[in-house]
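Down below is the structure, laid out as C-alpha cells.
Throughout, numbering of the chain's residues begins at 1 and tracks the sequence. Heavy-atom basis, side chains included; hydrogens, waters and symmetry copies ignored. Being a predicted model, the structure only gives us computed values, none of them experimental.
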Amino acid sequence: MAEGGHVRPFVIREVTDPWAFRALERVQVSAWGYPDREVLPGTMFRISAVTGGIVLGGYAKLPPEDPASLVPVGLAFGFPALRGAEVWHHSHLLAVHPAWRGTGLAVALKLAQRERALAQGLTRMTWTFDPLVSRNARLNLGKLGAVARTYLPDWYALEDDRAGAFPADRLLIEWDLTRPHAERPAPPPRGQVALEALDGAQEPGAARLYLAGARVLVEVPTRPEALELPVRRAWRDALREVLGTYLSRGYEVVDLARAGHRAHYVLARVTGGAQREGGREGGGAAGGR
C-alpha cells in the first residue's frame, strides 16, 4: 500500500487484550476529534468481542520488539443485529488515523470484517455514513460495492441544542457479503441530473424530483468542511429532499461518479428490494459517523 510514494505496510489483528481495547479509544479521537462523551470505551469493545462482536485493529507492520507495533492506527467494530428471524452484522465503527488514510487500510479492515462475519454464518452487513462526505461514499460504494437504499434524517443527536443543531442525517449502507469483492474505478457522471451546484456558485440548485430515468445523478460537495455553515445546511437539506425522494421511489445509490473536482451520487432504478433501517458507522478512512 502506498501513500505519497512510500510503502506503508500494515497488519490487521483481532483485538483480545483489555489494554489493546483501551488503545482503540485513541484511534477514534485521532480520526474524528471526538470528545470523551462520544468515544466508544474499551470496556464495550471487550464485552462485545466475547459476545459475538468483531473487533479488529490495524497496526503498522513493524518488528514485534518495536513498541510502535502495538499502537493501533485503525479499527473496525461491529456486532450481530437481529430483527425477527433475520440476523446480520452491523458495523458500528470504522476509523483510520489521518496519517494512514489513502494506504488501503480502510478497505482491508472492511474485507477482514467481511471474512469474519461470513465465518459466523452471516451474509449481510450494514452501516451508516454521512451523505455529505463524498470520500466515504467512494469507499462504501465504489471500493466495496455496497449500496444504499434508505435515507435516515436526523439519525443522531450530536449536539445539545435540538433547535440549533446541524442535522445528523445518514445513508444506510447494505453490503451483500456473498458477492465477490471487485473494486471498481469511479465512473464518469452519466444520467439525468436531479441536483447540481448553481453555475459559478457553491450552493445547490433547484431539485428535480420528476425524473424517471434508469440512472439519476445527485451532486454532492467534495469538500463540505470548507463551506460556510449556511451553504452546508443548504446541501444537507437538498440531499435530504432529493435522495429521500428517489430512494422512496425504488432507486438505490450504487456508486459515486467523478469528473474533475465534482462528484455525483449515481442512483439506479431497481425492482423490489426491502427498505431496511439500521444503526451507525464511523465512515471509513475519512472519519465522521
Main-chain N/O of [Y] paired to [X] side chain as donor or acceptor, under 3.5 Å:
| X | Y | answer |
| --- | --- | --- |
| Arg208 | Val193 | yes |
| Arg215 | Pro189 | no |
| Arg149 | Glu174 | no |
| Ser248 | Thr245 | yes |
| Arg8 | Gly102 | no |
| Glu219 | Ala197 | yes |

Is there a side-chain contact (heavy atoms from CB on, under 4.5 Å) between Leu239 and Asp169? Walk through the geometry before answering.
CA-CA 10 Å; Leu239 288 170; Asp169 292 10; over 6 Å; no
Minimum heavy-atom distance [X]-[Y], with the two atoms named:
| X | Y | result |
| --- | --- | --- |
| Pro224 | Arg232 | O-CD, 2.8 Å |
| Arg114 | Leu177 | NH2-O, 3.0 Å |
| Leu62 | Ala68 | CD1-CB, 3.6 Å |
| Ala212 | Gln192 | N-OE1, 3.7 Å |
| Val15 | Ala49 | O-CB, 4.4 Å |
| Pro9 | Trp100 | O-CH2, 3.5 Å |

Is there a side-chain contact between [X] and [Y] in this structure, where contact means two heavy atoms from C-beta onward sitting under 4.5 Å apart?
| X | Y | answer |
| --- | --- | --- |
| Leu256 | Val220 | yes |
| Pro230 | Glu203 | no |
| Pro131 | Tyr265 | yes |
| Val266 | Leu217 | yes |
| Tyr59 | Ser69 | no |
| Arg223 | His261 | no |
| Ile54 | Gln120 | yes |
| Val96 | Phe10 | no |

Within this structure, what is the [atom1]-[atom2] distance for the pair [X] and [Y], rounded to the nearest 0.5 Å?
| X | Y | atom1 | atom2 | result |
| --- | --- | --- | --- | --- |
| Glu86 | Leu122 | CD | CG | 10.5 Å |
| Tyr246 | Leu195 | OH | CG | 10.0 Å |
| Arg46 | Arg22 | CZ | CZ | 14.0 Å |
| Lys143 | Asp255 | NZ | CG | 12.0 Å |
| Leu144 | Arg184 | CG | CZ | 9.5 Å |
| Leu70 | Trp19 | CG | CH2 | 14.0 Å |

With hydrophobic residues grouped by side-chain heavy-atom distances under 4.5 Å, do [X] and [Y] end up in a single group?
| X | Y | answer |
| --- | --- | --- |
| Ile47 | Leu56 | no |
| Met125 | Leu82 | no |
| Leu247 | Ile173 | yes |
| Leu227 | Val242 | yes |
| Tyr151 | Leu132 | yes |

Sort out for me which residue in Leu24, Leu93, Leu75 forms a side-chain contact (heavy atoms from CB on, under 4.5 Å) with Val55.
Leu24
Apply side-chain hydrogen bond (donor to acceptor under 3.5 Å, both in side chains) to Arg116 and list each qualifying residue two or more places apart in sequence or on a separate chain.
Glu14
Should the pair Arg240-Asp154 be classified as a salt bridge under the 4.0 Å nitrogen-to-oxygen rule?
yes
Could you please spell out the steps behind the side-chain contact (heavy atoms from CB on, under 4.5 Å) verdict for Asn140 and Phe129?
CA-CA 9 Å; Asn140 298 331; Phe129 82 99; 3.3 Å; yes
Decide if atom [atom1] of [X] counts as having more than 12 heavy atoms of other residues, nucleotides or ligands within a radius under 6.0 Å.
| X | atom1 | answer |
| --- | --- | --- |
| Asp36 | CG | no |
| Arg190 | CZ | no |
| Glu225 | CD | yes |
| Arg258 | CZ | yes |

Report the C-alpha distance between Arg135 and Arg138 in whole Å, list the side-chain angles of each, state the deciding distance to 0.1 Å, and finish with yes or no for side-chain contact (heavy atoms from CB on, under 4.5 Å).
CA-CA 5 Å; Arg135 58 184 178 268; Arg138 174 67 191 136; 5.6 Å; no
Chi angles and distances behind the side-chain contact (heavy atoms from CB on, under 4.5 Å) call for Met44, Phe77
CA-CA 10 Å; Met44 286 300 300; Phe77 166 63; 5.8 Å; no
Parallel, tilted or perpendicular, judged at 30° and 60°: which one describes the rings of His90 and Phe79?
tilted
Geometric cation-pi criterion, Lys110 with Trp127: 6.0 Å, 45°:
yes
